[in-house]
Number of protein chains: 2
Amino acid sequence: MSARIRVLVVDDHAMFRAGVKAELGDEVDIVGDVGSVDEATSAIRELRPDVVLLDVHLPHGGGVAILEALGDSLPATKSLALSVSDAAEDVIAVIRAGARGYVTKTITHDELLDAIRRVHAGDAVFSPRLAGFVLDAFASTKPVTTDPDLDRLTQREQEVLRLIARGYTYKEVAARIHLSVKTVETHVSSVLRKLQLSNRHELTAWATDRRLL
Amino acid sequence: MSARIRVLVVDDHAMFRAGVKAELGDEVDIVGDVGSVDEATSAIRELRPDVVLLDVHLPHGGGVAILEALGDSLPATKSLALSVSDAAEDVIAVIRAGARGYVTKTITHDELLDAIRRVHAGDAVFSPRLAGFVLDAFASTKPVTTDPDLDRLTQREQEVLRLIARGYTYKEVAARIHLSVKTVETHVSSVLRKLQLSNRHELTAWATDRRLL
DNA sequence: GGTTCAATCAGGGATGTCCCCGATGGCGGC
DNA sequence: GCCGCCATCGGGGACATCCCTGATTGAACC
């Protein structure tokens with residue numbers, strides 16, 4: 001028998017994490033469980049799990065923030081999003097950020113185990129109900145929730161935009177994504193110019209309006 | 001040692017039920033766990049648990065439907081609501097329907113165990129953050145809107161606070177209410193100090209949180 | 001009459017924001 | 001090969017934010 005899959009559980013509810021451990025601990029190797037975005041990013045970097053079981057709704061940016069923080073620095077680690085929500089925008093956002101699957105928390109023990117194994121093997125896994133509009137969003141010419149304004153921004157600009165809109169100073173943003181303050185300034189300037197905004201307050205309002213936070 | 005408290009777990013997520021069982025099974029007697037409104041009502045009638053751990057958000061009516069179906073037919077069975085939501089309307093609704101307590105799922109093992117024991121003993125239990133507006137909604141003649149933090153600010157400070165939180169610069173605020181920029185600065189400083197905030201971004205978040213805009 | 005407090009304003013300084021100018025290296029298109 | 005775009009960084013400057021100290025007026029309270 002081959003080695004067990006190493007799984008990290010990220011969810012802000014300790015009770016839920018305990019549930020996953022109790023249910024799956026025999027079949028996979030739960031290498032850790034954490035409850036916040038910051039803990040998650042460092043835990044993933046340290047533990048290098050095979051699969052991250054990732055709650056979508058977390059304080060301070062949610063699962064998306066974790067995936068963005070990691071970028072593609074750890075290609076061997078696959079993420080499986082796990083959420084109570086079946087809203088299209090949640091699904092799209094987290095898949096765009098790099099998750100390899102998305103299942104809702106109504107899932108059973110066997111289904112979840114199967115999902116983890118398939119994600120680890122490289123498959124994309126979706127709850128049946130979600131498969132429909134996920135395919136819509138990616139295969140069709142007209143995606144469901146793409147924002148023409150947002151698409152005109154580069155990846156880096158969107159990344160900076162999210163952090164600025166959350167109230168971080170330039171210096172804090174720079175530290176968080178390892179850039180110089182000057183580079184952050186440049187990106188913010190581009191964002192403001194492209195979106196026709198005049199300062200960071202309007203940017204916060206703009207982002208709140210679009211629920212990018 | 002007295003008999004263990006008999007607990008029924010109602011939640012539509014099997015994983016969460018497993019978590020509660022794994023975490024509390026040693027200290028209380030989990031007599032059953034169910035995932036739907038119908039199962040819950042019959043299970044409660046059959047098993048007569050001491051405490052029902054009740055998820056608020058369920059398909060087909062939620063925890064409220066279960067409480068209403070039972071009415072006061074089983075006074076010995078107390079219900080403790082357990083939810084991801086901390087929205088006032090959810091709390092009020094489930095308490096009105098007869099729950100004896102309400103805690104959010106961010107709760108720790110020890111806190112939940114304590115909550116179960118206190119509900120069983122006849123106490124009402126609320127997460128600290130919720131206690132405030134529950135009391136407001138039931139005891140006060142004035143509805144929920146009073147805010148102790150806001151009351152500690154003077155009229156002028158509240159006025160400035162609202163404008164700053166909307167993104168106006170000091171200069172714009174000064175022009176709008178016919179003051180010098182320096183006076184606006186003074187008021188903002190007072191507001192930040194009194195509310196224990198460190199900059200205008202946190203202030204915006206604070207105000208948005210309270211729907212002051 | 002003295003005290004306390006809200007409201008108003010000023011000077012000065014540290015830091016943050018936003019813009020201008022410029023530069024380099026990489027990558028893709030024609 | 002050149003051009004455009006992206007990402008990265010720097011200098012310098014204008015202005016905004018946030019803090020400090022310190023001041024005056026008027027109204028309320030005892």
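Quick caveat: nothing in here was measured; it's all calculated off a predicted structure. Letters A, B, ... are given to chains in the order of the sequence lines, protein chains preceding strands, and every chain is numbered from 1.
- The interatomic distance linking E157(B) (CD) with dC5(C) (P) rounds to 13 Å, in whole Å.
- Rounded to whole Å, the distance from CZ on R200(B) to C1' on dT17(C) is 11 Å.
- With no hydrogens or angles considered, no side-chain donor-acceptor pair links T186(A) and S189(A) at under 3.5 Å.
- Summarising the geometry, the separation between OH on Y168(A) and P on dT17(C) is reported as 14 Å, rounded to the nearest angstrom.
- Listed nucleotides: dT17(D), dT8(C), dG11(D). Nearest to the side chain of L179(B): dT8(C).
- The base of dG12(D) lies close enough to the side chain of K182(A) for a donor and an acceptor atom to sit less than 3.5 Å apart.
- For dC18(D), the OP1/OP2 oxygens have a side-chain nitrogen or oxygen of Y170(B) closer than 4.0 Å.
- Contact annotation: K171(B) side-chain N/O to dC15(D) OP1/OP2 distance is not under 4.0 Å.
- Taking atom CD1 of I164(A) as the reference point, atom P of dG16(C) lies 12 Å away to the nearest angstrom.
- Contact annotation: S180(A) does not reach the phosphate of dT8(D) (side-chain N/O to OP1 or OP2, under 4.0 Å).
- H178(B) has its NE2 atom 16 Å from the C1' atom of dA7(C), to the nearest Å.
- At distances below 3.5 Å, at least one donor-acceptor pair connects side-chain atoms of K194(B) with backbone N or O atoms of R152(B).
- Counting distance only, with no hydrogens placed and no angle test, the side-chain atoms of Q155(A) and the base atoms of dC6(D) include no donor-acceptor pair under 3.5 Å.
- Residue H187(A) places none of its side-chain N or O atoms closer than 4.0 Å to OP1 or OP2 of dC9(D).
- Going from atom CD of E23(B) over to atom CD1 of I30(B) covers 11.0 Å, rounded to the nearest 0.5 Å.
- Between the CG atom in D55(B) and the CZ atom in R17(B) there is a gap of 10.0 Å [rounded to 0.5 Å].
- Neither OP1 nor OP2 of dA6(C) sits under 4.0 Å from any side-chain N or O of R156(B).
- Rounded to whole Å, atom C1' of dA7(C) lies 11 Å from atom NZ of K194(B).
- Atom CD in E185(B) sits about 12 Å away from atom C1' in dG13(C), given to the nearest Å.
- At a threshold of 4.0 angstrom between heavy atoms, the contacts of T169(B) are confined to the sugar-phosphate backbone, with no base atom among them.
- For the pairing with I66(A), the side-chain contact (heavy atoms from CB on, under 4.5 Å) check across V34(A), D38(A), I44(A), V52(A) returns one residue only, I44(A).
- Look at T183(A) and you'll find a side-chain N or O under 4.0 angstrom from OP1 or OP2 of dC9(D).
- Taking only side-chain nitrogens and oxygens, T186(A) never comes nearer than 4.0 Å to OP1 or OP2 of dC9(D).
- In terms of phosphate contacts, T154(B) brings a side-chain nitrogen or oxygen within less than 4.0 Å of OP1 or OP2 of dA7(C).
- For H201(B) and dA16(D), the NE2 to P distance is 15 Å, given to the nearest whole Å.
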